[in-house]
Amino acid sequence: VSDVPGDVASYLERRERALGEARRLLASILNYTGDPTDIDPDASLFGTGLGLDSLDAVEVLIGLEIDLGIKLEGDDPRRLGLRSVNGVVDAIMRARGEL
Amino acid sequence: VSLASEVQALRGSVGLSHARHIAMVRVDGADALDFLQTASAQSPYVREGRVRHTLLLRDDATVFADVFIVKVDEGFLVLAEGPSEPDLVLWLTTHHARTPERQVAFQAMSDAWVVFGVDGPYAWELLVGLLGPAVLGMPYLSLYRRDDVVCLRAGKTGEFGYLLLVPHAGATELERRLRELGNPLDLATIGVEALDVCALESWHFSMRHNAPVLTPIELQLQWRVGYTREFIGADALRARRAEGPKSRVTCFTSDEVVSAGQEVHLGDSNVGRVLAACASPTLGVTVGSALLDLRFSHPHLALRVGELSIRTCTASLVDNRSLHIDPHKHSYATRNQPAEVVPA
């Protein structure tokens with residue numbers, strides 16, 4: 001595809017960067033020793049999917065704050081929209097004003 | 001009863017389905033576990049009372065079946081979506097022929113057992129009436145048995161969901177009892193199409209939504225794969241992973257009517273095709289999945305299908321009511337009461 005508009009190309013670049021950050025954060029919480037790119041963007045965080053539990057959920061919030069400087073108001077990741085890897089990516093990009 | 005009202009029941013109360021789309025085969029024998037280890041993409045070994053949700057792949061790593069594997073007594077039950085029961089038995093038998101020294105036997109179960117699905121934000125309330133309060137303690141992907149009924153918590157709609165397995169002899173009475181207990185909960189009979197609409201809204205994988213030529217990499221199902229294990233399709237899957245994925249299934253919505261098979265464009269360039277699309281009674285828009293070139297398989301992109309606009313989205317699209325229900329505090333009867341007056 002050669003005719004990608006500049007704003008789309010720029011968004012995709014920022015999205016890939018934030019996705020990489022989300023994957024590394026989740027790989028750390030999951031103690032996943034494989035390639036973080038195996039973590040699919042639409043994989044659910046809880047229940048089916050990555051299988052995070054409520055303690056892991058707190059770690060996601062702490063990780064966002066400590067590792068990425070992103071503090072979310074509230075304590076329930078599901079209700080904050082953090083239900084999938086892409087939900088975490090959205091939160092990162094929103095906090096940076098990129099979405 | 002319309003599809004919309006079936007979906008409404010699944011999202012608001014409870015739906016009962018005859019799960020004839022699920023093939024069920026029992027695997028017995030001294031080598032049953034070893035056999036299933038090499039058959040399924042994830043180890044079938046789970047603690048007693050738990051359920052493994054995994055995949056059966058073809059040799060080329062495309063998905064053959066979406067399966068739950070359950071340890072029961074001395075054997076295993078394989079509950080599969082995708083193939084018919086004879087096709088599932090044939091697949092298992094063909095795989096067994098590669099290692100005939102293994103002591104394994106397969107038994108198709110639909111002649112002896114019936115499967116019911118119970119889904120919805122108040123599905124747990126119906127099953128507490130049927131099986132007792134132990135249902136409340138069932139985590140996702142777990143198993144509970146009472147008398148002749150085997151209950152799996154294993155929904156695919158984003159709401160509370162259960163499968164009930166019962167011998168044919170008890171099926172009529174079980175269904176009568178479910179309908180009796182479900183009457184105050186506005187129980188609706190629902191079909192597989194409504195389950196699939198809810199699966200798409202909540203971004204659960206359905207064998208009926210995706211072309212059968214895709215692997216867990218494109219389908220975003222790598223969490224169901226153990227890359228370090230040996231299983232049917234593992235070599236092909238690792239090779240595809242080493243090449244790097246070229247495309248990925250992505251969620252979208254549209255205000256227009258979009259159909260499976262249509263090409264997706266960004267500007268003048270073809271960037272993928274629609275795999276599945278349906279009207280969402282919950283959201284009032286079309287929801288769908290598209291196989292997009294990897295670079296464009298991200299949410300929040302405005303794309304075109306012919307002259308129609310679509311927008312890629314972050315899944316899941318629905319704020320499931322089940323996420324806001326605590327079975328220890330809430331009930332269907334008190335569903336409309338403000339939270340503060342619901343008894344603790």
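Lettering of chains follows the sequences in order, A, B, ..., and the numbering in each one begins at 1.
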Find the one option among [options] whose heavy-atom pairs under 4.5 Å with chain B are most numerous.
options	answer
I39(A), L50(A), L99(A), V8(A)	L99(A)
A43(A), G49(A), G34(A)	G49(A)
D40(A), V85(A), L12(A), V89(A)	D40(A)

To the nearest 0.5 angstrom, please state how far the [atom1] atom of [X] sits from the [atom2] atom of [Y].
X	Y	atom1	atom2	answer
D42(A)	L219(B)	CG	CG	11.5 Å
S44(A)	W203(B)	OG	CH2	13.0 Å
R83(A)	N320(B)	CZ	CG	4.5 Å
S316(B)	N86(A)	OG	CG	12.0 Å

Subject >> Whether over 12 other heavy atoms sit under 6.0 Å from Y45(B) OH >> reply: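 Atom OH in Y45(B) is not packed in, count stays at 12 or less.
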
Original post:
Take atom CG in D268(B); do more than 12 heavy atoms of anything else shown fall under 6.0 Å from it?
Top reply: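 For D268(B), atom CG is not crowded (no more than 12 foreign heavy atoms under 6.0 Å).
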
Subject >> chain A contact via L221(B) - which portion, at a heavy-atom distance below 4.5 Å >> reply: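 Looking at L221(B), just its backbone touches chain A.
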
Subject >> Residue part contacting chain A, namely of V225(B), when any heavy atom lies under 4.5 Å >> reply: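 For V225(B), no heavy atom lies under 4.5 Å from chain A.
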
**OP:** Could you pull out the closest heavy-atom pair between S84(A) and T314(B), with the gap in Å?
**Re:**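 Shortest heavy-atom contact: OG-CG2, 4.0 Å.
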
Original post:
So which of R248(B), R224(B), H53(B) has the largest heavy-atom pair count under 4.5 angstrom toward chain A?
Top reply: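 The option with the most such pairs is R248(B).
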
Original post:
Of the backbone (N, CA, C, O) and the side chain (C-beta and beyond), which part of D90(A) lies under 4.5 Å from a heavy atom of chain B, both, or neither?
Top reply: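 Interface part for D90(A): side chain.
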
Original post:
Tell me, do T37(A) and R241(B) make a side-chain contact under 4.5 Å, heavy atoms counted?
Top reply: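 Answer no - side chains too far apart.
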
Original post:
Looking at side-chain heavy atoms only, is the closest gap between H300(B) and M93(A) below 4.5 Å?
Top reply: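 In short, these two side chains do not touch, never coming nearer than 4.5 Å.
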
